[in-house]
Participant: 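Okay, handing you the structure first.
In this chain, numbering begins with 1 at the start of the sequence shown. As the structure is a computational prediction, the values presented were derived from the model and not from experiment. The figures here come from the full heavy-atom set of this structure, side chains too, leaving out hydrogens, waters and symmetry mates.
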Amino acid sequence: MSQPNASPTLDGLFRRTLARQPDAIALIDPADKQRITGQQPARLTYAQADRAISALAAHFTAAGLPANAVIAMQLANTIEFPLAILAAHRAGLVVALLPQLWRQADITTALNRTGARAIISSRWIDGVSHADLAMNAAAEAFAIRYVGGFGDDLPEGMASLDVAMTDEVPDTEPAAQDARRAAIITFDTTPDGVRAIPRTHLHMIAGGLAVFLEARLPQGAMLMSAQTLSSFAGLASSMVTWLLSGGTLALHHPFDEAMLESDIQELGCDTLVAPAPLALRLGDAGLPFRAPTLQNVIGMWRAPEQVAASPAWTAGPSGFTDVYLFGEAGLFGARRGADGAAVPIMPGPHTAPRGQPGGSIAGEVLITAKGTLGLRGPMVTLAAYVPLPPLNGAAKPLPAPDFVDTGFAARLDRTTGAVCITAPPSGIMAVGGYRFLAQDLQEWAKRLGQGALLTALPDRWSGYRLAGRAQDNPRAREALSELGLNPLMVEAFRDGPARSEESAGSH
């Protein structure tokens, strides 16, 4: 039995709304789901979603996955993603989120680093066989004991989760879940390499509350998310805010602008969560005037150093909230004022909503001795960023700080005292949501032979974009694919100017 005074979990938030309004719509698929995964779009009430979650949870347990085992997920922005996450938690599992752009090399590294016992994926996402990627990565990961997938015509050895989701299971009370235990693992790129960042339910809810309260979202919100759920920020701003509001989560798989606008209008969405440059562009194009129900727009900044210079939000009655993202370390939000300009960020503790006397502390912003921005607070996992011990063992390990150094260059404005974020972390490249070490570019280019060049160019939308040159571009693409690298690297050696959806870093 669940304990009435226990701290909330994500599944607990879901079941709270389920008990109050079981027939309300909980989840809505992208209208173009057939194109994305080959499946028909669906919408589920809370009661229908609960049955699917219970069936999946029972399936994971029957498959022999023990409590607190890690299950990795690489899924499209469709309703299967939140259903699978909640089902894993109901079965007592820890979910490791794999970015959709990751291919075999990244996936295998993540599976081995977390000791994952299972991986689930989709048969197809945007024409790519992610089921085959999962099977190939699982073959190289020692601990994997189970592989599951959504979709038709799954590879041999992959369990069908569509079938499992329809199984009839007894209507029993879910086992108690500890909100202080790890629930989600995401992956961050630091100067020391890729780190696995675990977070508890309490960490996740703190991140979601920071966005929910600052953006002033209503209870029962009709929320449209064009932000994928495969990162802390994506999950906190979309899935957790949905659970906190007890409303409806409609998903959009990046990115079809006409489809997004049509869905917002048809569903009467009051909230949009989207990458900030895209959201500002939609505002300039007059979307809020054509979708009068849209009252809140939440813009996610993967490149927070660009916020201060961004154009004012002038899209009528809709409010705009800037959410500053610092890899997987943490986030904070700031709702814009009546003039539509980004508001100053002051150092020190900040409440949610920002500036509210007596409000709960959402986090703290500071300038480190190195001139970088530091974060601490209820959503930040300090232990995951403890400095690595010296390789030679001669020097004493550095003491663990009480903040996470994001690596973003920052200073205080001499006149106002506000925080000015001036540059991304040194040595780390970010293409959309994909972060990697700058030195890796040269390592990848070396594998292509003499004369090959791979470089990162500044890009307004994605932070950077990749460009490559080789004596034989098709052969270069084939070689990078064989190495298991993701499409951002492979498509850097495209022959023409066209940029695929994935190469633009939209995921």
Side-chain angles (χ1 to χ4, degrees), residues 1-19 26 46 49-75 80-98 110-111 113-121 134 138 141-150 159 161 163-165 167-187 196-208 229-230 232 235-236 239-240 243 381 383-384:
M1 294 289 290
S2 61
Q3 303 174 18
N5 296 322
S7 299
T9 63
L10 300 187
D11 185 40
L13 292 176
F14 172 85
R15 287 185 283 116
R16 185 180 302 174
T17 304
L18 168 70
Y46 276 87
D50 181 63
R51 287 193 290 272
I53 292 166
S54 291
L56 285 174
H59 173 79
F60 294 148
T61 301
L65 297 177
N68 300 312
V70 174
I71 181 170
M73 298 185 184
Q74 188 182 48
L75 296 167
E80 286 80 6
F81 210 161
L83 290 173
I85 291 172
L86 292 172
H89 288 164
R90 195 170 289 186
L93 306 175
V94 181
V95 177
L97 301 175
L98 305 178
L111 295 179
R113 183 156 300 179
T114 59
R117 299 287 293 272
I119 179 172
I120 67 175
S121 190
F142 176 76
I144 292 292
R145 294 294 180 270
Y146 170 88
V147 184
F150 292 99
L161 296 179
V163 172
M165 200 161 50
D167 288 344
E168 294 291 335
V169 296
D171 187 15
T172 57
E173 178 76 9
Q177 302 170 42
D178 189 346
R180 294 172 294 276
R181 295 187 69 91
I184 296 290
I185 299 173
T186 57
F187 300 89
I197 313 298
R199 278 187 168 87
T200 66
H201 292 272
L202 296 180
H203 286 125
M204 297 302 306
I205 291 172
L229 307 182
S230 54
F232 164 62
L235 206 64
M239 182 172 165
V240 181
L243 294 171
T381 311

Participant: So Arg15 and Thr17, side chain to side chain contact (heavy atoms under 4.5 Å, CB included) or not? Walk me through it.
Facilitator: CA-CA 5 Å; Arg15 287 185 283 116; Thr17 304; over 6 Å; no
Participant: Could you please spell out the steps behind the side chain to side chain contact (heavy atoms under 4.5 Å, CB included) verdict for Leu93 and Leu65?
Facilitator: CA-CA 8 Å; Leu93 306 175; Leu65 297 177; 3.9 Å; yes
Participant: Do Ser121 side-chain atoms and Gln74 backbone N/O form a donor-acceptor pair below 3.5 Å?
Facilitator: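 Answer holds: yes.
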Participant: I need the Leu202 CG to Ile205 CD1 distance, nearest 0.5 Å.
Facilitator: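 Answer rounded to 0.5 Å: 6.0 Å.
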Participant: If you compare all heavy atoms of Leu13 against all heavy atoms of Pro8, which two are closest, and at what distance to 0.1 Å?
Facilitator: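 It is CD2-CB, 4.3 Å.
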Participant: Heavy atoms, side chains only, cut-off 4.5 Å: are Phe142 and Leu111 in contact?
Facilitator: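 Phe142 vs Leu111: side chains apart.
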Participant: Would you say the side-chain atoms of His89 pair up with the backbone N or O of Ala183, donor to acceptor, closer than 3.5 Å?
Facilitator: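 Yes, the answer is positive, given that a donor and an acceptor are paired below the 3.5 Å cut-off.
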Participant: Not counting sequence neighbours, which residues clear side-chain hydrogen bond (donor to acceptor under 3.5 Å, both in side chains) with Arg199? List them please.
Facilitator: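 Arg199: no side-chain hydrogen bond (donor to acceptor under 3.5 Å, both in side chains) contacts found.
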Participant: Would you call Asp11 and Arg16 a salt bridge, taking side-chain N to carboxylate O under 4.0 Å as the test?
Facilitator: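 No, this pair does not count.
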Participant: Side chain to side chain contact (heavy atoms under 4.5 Å, CB included) with Leu97: which of Ile85, Leu229, Ile185?
Facilitator: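 That would be Ile85; it is the only one of Ile85, Leu229, Ile185 passing the side chain to side chain contact (heavy atoms under 4.5 Å, CB included) with Leu97.
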Participant: Of the non-hydrogen atoms in Val70 and Ala96, which two are nearest, and what is the gap between them?
Facilitator: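 Heavy atoms of Val70 and Ala96 come nearest at CG1-CB, 3.8 Å.
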Participant: For a quick test of reading the model, state the closest non-hydrogen atom pair linking Ala182 to Pro198 and the distance between them.
Facilitator: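 Distance-wise, the nearest heavy atoms are CB-CB, 4.4 Å.
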Participant: Is any side-chain heavy atom of Ile197 closer than 4.5 Å to one of Phe187?
Facilitator: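 Answer no - side chains too far apart.
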Participant: Cut-off 3.5 Å, side chains only: do Thr200 and Arg181 have a donor facing an acceptor?
Facilitator: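 No, because no side-chain N or O of Thr200 sits under 3.5 Å from a partner of the opposite role on Arg181.
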Participant: Determine, stepwise, if the pair Arg180 / Ser7 fulfils side chain to side chain contact (heavy atoms under 4.5 Å, CB included).
Facilitator: CA-CA 8 Å; Arg180 294 172 294 276; Ser7 299; 3.8 Å; yes
Participant: Find out whether Phe60 and Leu161 are in side-chain contact, i.e. whether some heavy atom of one side chain is under 4.5 Å from a heavy atom of the other.
Facilitator: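 In contact.
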Participant: State, to 0.1 Å, how close Ser230 and Phe81 come at their nearest heavy-atom pair, and which atoms those are.
Facilitator: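 Smallest heavy-atom distance, with atoms named: N-CE1, 4.2 Å.
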Participant: Out of the candidates Thr9, Thr61, Asp50, only one should pair with Arg90 under the side-chain hydrogen bond (donor to acceptor under 3.5 Å, both in side chains) rule; please name it.
Facilitator: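 Per the side-chain hydrogen bond (donor to acceptor under 3.5 Å, both in side chains) rule, the option paired with Arg90 is Asp50, out of Thr9, Thr61, Asp50.
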Participant: So, using ring pair (Phe, Tyr, Trp, His ring centres under 6.0 Å) as the criterion, who are the partners of His203 when residues are at least two apart?
Facilitator: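 If we apply the ring pair (Phe, Tyr, Trp, His ring centres under 6.0 Å) test to His203, skipping adjacent residues, there are no hits.
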Participant: Val95 and Ala88: which non-hydrogen atoms are nearest, and at how many Å?
Facilitator: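 Taking every non-hydrogen atom into account, CG2-CB, 3.5 Å.
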Participant: Can you tell me how far OG of Ser54 sits from CG of Leu83, rounded to the nearest 0.5 angstrom?
Facilitator: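 Atom-to-atom, Leu83:CG and Ser54:OG are 11.0 Å apart.
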Participant: Rounded to the nearest 0.5 Å, how far apart are CD1 of Ile71 and CD1 of Ile119?
Facilitator: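 With rounding to 0.5 Å, CD1 (Ile71) is 9.5 Å from CD1 (Ile119).
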Participant: Over all heavy atoms of both residues, which pair between Ala236 and Gly207 is shortest? Give the atoms and the distance, please.
Facilitator: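 That closest heavy-atom pairing would be CB-C, 3.9 Å.
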Participant: Between Met204 and Leu235, is a side chain to side chain contact (heavy atoms under 4.5 Å, CB included) present by the stated rule, with each step listed?
Facilitator: CA-CA 8 Å; Met204 297 302 306; Leu235 206 64; 3.5 Å; yes
